[in-house]
2 protein chains.
Amino acid sequence: MLSFTEENYLKALVQLTIFEEGVTEVGVNRLAEYLGVKPATVSDMVRKLKKKALVNYERYGKISLTEEGRFLGMMVIRRHRLWETFLQQKLDFSWDEVHELAEDLEHIHSKKLINRLDAFLDHPEFDPHGDAIPNREGEILIPFRRTLNDGESGKRYKIIAVKDNSSEFLKYLDKLGIAINDEATIINKESFDELITIRFNGKERVLSPKVTDYLFVICASCLKAKKCDC
Amino acid sequence: MLSFTEENYLKALVQLTIFEEGVTEVGVNRLAEYLGVKPATVSDMVRKLKKKALVNYERYGKISLTEEGRFLGMMVIRRHRLWETFLQQKLDFSWDEVHELAEDLEHIHSKKLINRLDAFLDHPEFDPHGDAIPNREGEILIPFRRTLNDGESGKRYKIIAVKDNSSEFLKYLDKLGIAINDEATIINKESFDELITIRFNGKERVLSPKVTDYLFVICASCLKAKKCDC
DNA sequence: GAATTTTGTTAGGCTAATCTAACTTTATAT
DNA sequence: ATATAAAGTTAGATTAGCCTAACAAAATTC
């Protein structure tokens, strides 16, 4: 059984290597910075995780997850995101309160508990931040999100998350009438000034990169197909 | 903020001093045995808890809880019992699976979380074992349970818990048609052979002390009044 | 009331996860 | 291609919670 701390290292490695596109390994310093500990501490812990066959690592080299390490890290994230969903949907916590509580709840290791919770919530696909919830095999079948900025003209996207949690940003979205789970079609992308025009709920809005770069989306057709072609 | 371990010491002290009738203090050896650690360990930890003003203690003396210690211990028990109730009522866990999971869940320290959970469960008074759930002030207003054996003839009692979790015992109760939350009236107590006759749900049953001594009850009238006169 | 048993304490060690400080290896840049 | 900077390692210390072994105090018993 893994300790609380070991699980946090695996979770961090998933975030830094798997959820970060194009990156499959990470250095000691980066991991230390991410976890808020000193490189010396990471150096020790990585040796320990290697002995448990959870990471690939050689002295002075880069760190990456093994199959087993990836699976266990994904399970921590699955638990985290399911608890966040529970807190929001059933206990009426707001969007920005759930993360901290889930940091503790994610370390409760009962497969049965988490699968029951999943069923109780009706097998949700996204947590309150719009992040996809890994399934019980530790996989995310849904295409990874991108920013609205990276979308293609003419395509329809579902807004599933925001990159910036500040109430300032959230209030501005409110003012624009944009909410998580809305679907919007990009009707124009102007490369010179980077303004993007979208249509959603019958409204049309011109958005600056200050907004589009902070909205995570998934293309609606891929979401339906559970497979990404774009 | 208290550690996981410190909380377990306070919880154990509540069980051993407050929930054990007539006892207000406990020795180092007893506490060590209860917690499954060595007396030397308890000796150290008690000194630490004293410095935090959570227990009363003098070298070679007995241990008791201060007001603050009692309150915090009660909060751990409140969280434990609310999570047990959640697991049984919402996630369909059985009666005997919930304890172990709640051992972990009880250490999540959010007042807001636990009060929301309480509301979500509609402010339950008993956990799945029939134990009363302390309120947010750390008090149990409901009279303490007794065994059916100690009941009085003619009085009506609610069966709220069993002392013996073995599936053998539970199956026998099933066979008798007795379930937790049933109410039963004692219609005869025979002191010679210790057999007790009860009436419940229109049925009558003669029970041996092997059963009555392992059924916890609360007198129905006191339960309504939330105050015990008997 | 002295001997024995029970109860509790102290000293010294262990492990996990952290740190600092000094050092080594690898990468970068002129 | 060597000097410097960046990245990573190692040694030694700390803290919490536990242990064992030896000892001390209190309670019990004859």
Side-chain angles (χ1 to χ4, degrees), chain A residues 1-13 16-17 20 23-65 69 72-73 76 103-104 106-109, chain B residues 1-13 15-17 20 22-65 69 72-73 76 103-104 106-109:
Chain A
M1 187 100 318
L2 297 181
S3 72
F4 192 104
T5 308
E6 288 169 325
E7 285 196 342
N8 280 335
Y9 276 76
L10 295 181
K11 185 178 60 157
L13 284 167
L16 292 174
T17 63
E20 208 67 42
V23 184
T24 58
E25 42 178 38
V26 72
V28 166
N29 277 1
R30 177 78 189 91
L31 181 54
E33 178 197 36
Y34 185 87
L35 286 168
V37 299
K38 299 290 163 184
T41 309
V42 168
S43 219
D44 282 350
M45 179 59 91
V46 164
R47 224 179 322 113
K48 193 171 144 196
L49 292 174
K50 191 199 154 116
K51 208 163 17 176
K52 292 194 180 186
L54 300 173
V55 301
N56 306 117
Y57 186 66
E58 295 305 329
R59 248 160 119 266
Y60 294 105
K62 295 286 179 190
I63 310 157
S64 65
L65 288 163
L72 292 174
V76 182
E103 284 293 299
D104 293 328
E106 75 188 13
H107 297 290
I108 290 167
H109 293 96
Chain B
M1 186 98 321
L2 296 183
S3 72
F4 191 104
T5 307
E6 289 169 323
E7 286 196 340
N8 280 335
Y9 276 76
L10 295 182
K11 185 178 60 154
L13 284 168
Q15 312 268 22
L16 292 174
T17 63
E20 207 70 41
V23 184
T24 57
E25 44 179 36
V26 72
V28 167
N29 278 0
R30 178 77 189 94
L31 181 54
E33 179 197 35
Y34 186 86
L35 287 167
V37 299
K38 299 292 163 184
T41 309
V42 169
S43 219
D44 282 351
M45 180 58 91
V46 165
R47 223 178 323 113
K48 193 170 144 198
L49 292 174
K50 192 198 153 116
K51 208 163 20 180
K52 292 193 178 183
L54 300 173
V55 300
N56 306 116
Y57 185 64
E58 295 306 329
R59 245 160 123 268
Y60 293 105
K62 296 286 178 189
I63 310 156
S64 65
L65 288 163
L72 292 173
V76 181
E103 284 293 300
D104 293 328
E106 74 188 14
H107 297 290
I108 290 167
H109 295 96

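Numbers restart at 1 for each chain; the letters A, B, ... are given by sequence-line order, proteins then strands.
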So, is [X] close to the [N] phosphate, meaning a side-chain N or O under 4.0 Å from OP1 or OP2?
X: B:Ser43; N: C:dG8; result: no
X: A:Tyr60; N: C:dC23; result: no
X: B:Arg59; N: D:dA24; result: no
X: A:Tyr9; N: C:dA16; result: no
X: A:Arg47; N: D:dT10; result: yes

Inset, instruction - Would you indicate what B:Phe4 reaches in the nucleic acid, counting non-hydrogen atoms under 4.0 angstrom: base, sugar-phosphate, or nothing? - result: nothing
Inset, instruction - Determine the contact category for A:Thr41: base if any of its heavy atoms lies under 4.0 Å from a base atom, sugar-phosphate if only primed atoms, P, OP1 or OP2 are that close, otherwise nothing. - result: base
Inset, instruction - Quick one: do A:Lys50 and A:Glu58 satisfy side-chain contact (heavy atoms from CB on, under 4.5 Å)? Show the steps, please. - result: CA-CA 9 Å; A:Lys50 191 199 154 116; A:Glu58 295 305 329; 3.0 Å; yes
Nearest-angstrom distance from the residue atom [atom1] of [X] to [atom2] of [N]:
X: B:Leu35; N: D:dC19; atom1: CG; atom2: C1'; answer: 15 Å
X: B:Glu58; N: C:dT7; atom1: CD; atom2: P; answer: 21 Å
X: B:Leu49; N: D:dA16; atom1: CG; atom2: C1'; answer: 13 Å

Legend entry - Pair B:His107-B:Asn8, side-chain donor/acceptor within less than 3.5 Å: yes
Legend entry - NZ/B:Lys52: more than 12 non-hydrogen atoms of other groups inside 6.0 Å: yes
